[in-house]
Amino acid sequence: MCGIVGFTGKKQAAGVLLGGLEKLEYRGYDSAGLAVQGQGGKVQVVKAEGRLGALLSKTDGGNTVEGQCGIAHTRWATHGEPSERNAHPHYSNDKAVVAVHNGIIENYLALRAELEEKGYVFYSQTDTEVAVKLIDYFFKQCGEPLVALSEFMRRARGSYAIAALFEGFPEEVFAARKDSPLLVGIADGECFLASDAPAILAYTRKVYYIGNGEMARLKKGSAEFFDAAGKRIEKASVVLEWSAASAERAGFAHFMLKEIHEQPQAVADTLASFVREGKIDLSGAGLFEETLRRISSLVIVGCGSAYHVGVVAQYAIESIARVPVRVELASEFRYRVPILQENELVLVISQSGETADSLAAVREARARGAKTLAIVNVVGSSIAREAENVIYTLAGPEIAVATTKAYSTQLVAIYALGVALGRARGELGDTEYARLVAELCALPEKISATLRDTESARQVATGLSGAKDAFFIGRGVDFAACLEGSLKMKEISYMHSEAYAAGELKHGTISLVEEGMPVVGVLTQAAVLEKTLSNMSEVKSRGAKLVAITWFSEGEIEKIADFVLHIPKTDERFAASLAVVPLQLMAYYVSVARGLDVDKPRNLAKSVTVE
Ligand code: AGP
């Protein structure tokens, strides 16, 4: 996600701002910029696409940008391609208001239309420029930055951390925050603002966290805090004990654990981009009701975890929309001269949008005249650009090699596609449609609830960390979740494991079960609960150590399993979104118990851009 730095003090601002951005590079970005108030309060804005080096060379390391008060930003694109034009800071046409933003303004299109009617013109595709011009609109009316920010907060929906400079308020930085983090640091005669502690640890460890719905006014050496109505509030400071490295992970031991905990927000942000007033709207991806109705079948293509999302989608979408779905590994699809039917939609799923096999699959499908749709997490990536249409997941940058939050956001994207397809094909009446959409929107809170007990998963993981092999078994969507759980375990703990459709064990692999071998059973599908339970009994009688992940409270499960990890209940087709959380945590804690490099496992890259 984007990074924000602000400063007002005795030093030249550019050095503090650019140094702060360097400390936030780990967050992932595609462009950067800064704005500094120079002589007489005149604001100089410099932006550059690409790495920070481009901005440093444009400003001769900051030397060409003079002034002691400014703001800076690294952008992770969510609305609008990565480009200098879309880079922050954004500003009103007379530069009376200049600001940077981290988050997503969900109603930016409606606000943009309102502002255009008031005569505002826009130079970028971003939600941030809309935010800045809305603030400017109010500022022009009242002349008060805090009132303008308060009015903005009343109108804007979504998440935002905003840092802004206002004409007529030299040497002051203003901030407003909802959901996206912002903190203030104070040192002698200086004041710092940042989206994350690493940016300012070099100057101070005494920080104030701006709360949700709050604003701040930074002056040289002091800061004032206000509620959304502009009422002054007192705030206690916090002294940060983190090392710079651990601060990059917001205090989490590893990026993977941080990203596991970011899943509720990532899923909520992704859902908010296509669920409005209780309805699913995929028109942004070219999927209008008529288009959806014409889709006769789906071919879903991906690699690794993205492929596992496709396996969930096959069960979920066939069940909800009653349309045939097949799933293929991209590395196979691209070479097997696939047969594609008339009106068949080829859906390519990819976090990075750069996986070579998945990109080749898009090209293969297009070469055969098929309609292509991508589900991608990186705006402007190759797959996003080459597929005819794209649904963006809003997971933000994923730093750990092992995907977690991107996987979870891809899941809700395919659920939404399945529900929209089912609605368009007349498979879902009003009540069932409303129930499914409501269940989708309840997932972020249910993922949060699952994350409230990480200790049980840690204890189970520690207990099985010495094992050589493990099995993950389930049926239907539970089997699909097991595929992801097994891959997580293999890729970060190096423990050999296999995921099996539970009914398949007796066809050969049960011969591998030995005394003490961990077998993880995922049990959420009522129709096959008894069947899976008997599979678990079969492996138990051969010495397996059984872990059950379930939302059922059948005594039978407690009797058979050595450990039971409970998850909240949701619609069975969405079960993988909750079952995957303890599976991710178990893999994480086994890797930690084994003292391995969780975020950068051996031999693996975050994006496999070569064959
Ligand atoms: C998952 O944890 C792995 N990092 C890997 O399987 C990954 O899902 C796969 O390489 C696909 O990457 P993509 O989603 O960026 O295309």
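Remember, predicted model here, so these are calculated numbers, not experimental data. Start at 1 and go down the list; that is how both ligands and their atoms are numbered.
Residues Ser305 and Lys488 have side chains in contact (heavy-atom distance under 4.5 Å, counting atoms from C-beta outward). Considering only heavy atoms from C-beta on, Tyr307 stays 4.5 Å or farther from Leu487 through its side chain.
Using a 30° and 60° split on the angle between ring planes, Tyr588 and His254 fall in the perpendicular class, above 60°.
Applying the side chain to side chain contact (heavy atoms under 4.5 Å, CB included) test to Thr550 and every residue at least two apart in sequence or in another chain returns Leu523, Phe552, Ile557, Val564, His566. Residues passing the side chain to side chain contact (heavy atoms under 4.5 Å, CB included) test with Ala442 are Glu439, Lys446, sequence neighbours excluded. For Ser283, the side chain to side chain contact (heavy atoms under 4.5 Å, CB included) partners at least two apart in sequence or on another chain are Asp281, Phe288.
Protein residues having at least one heavy atom under 4.0 Å from any atom of ligand 1 are Cys303, Gly304, Ser305, Ala306, Ser350, Gln351, Ser352, Thr355, Val401, Ala402, Thr403, Leu487, Lys488, Glu491, listed by chain and number.
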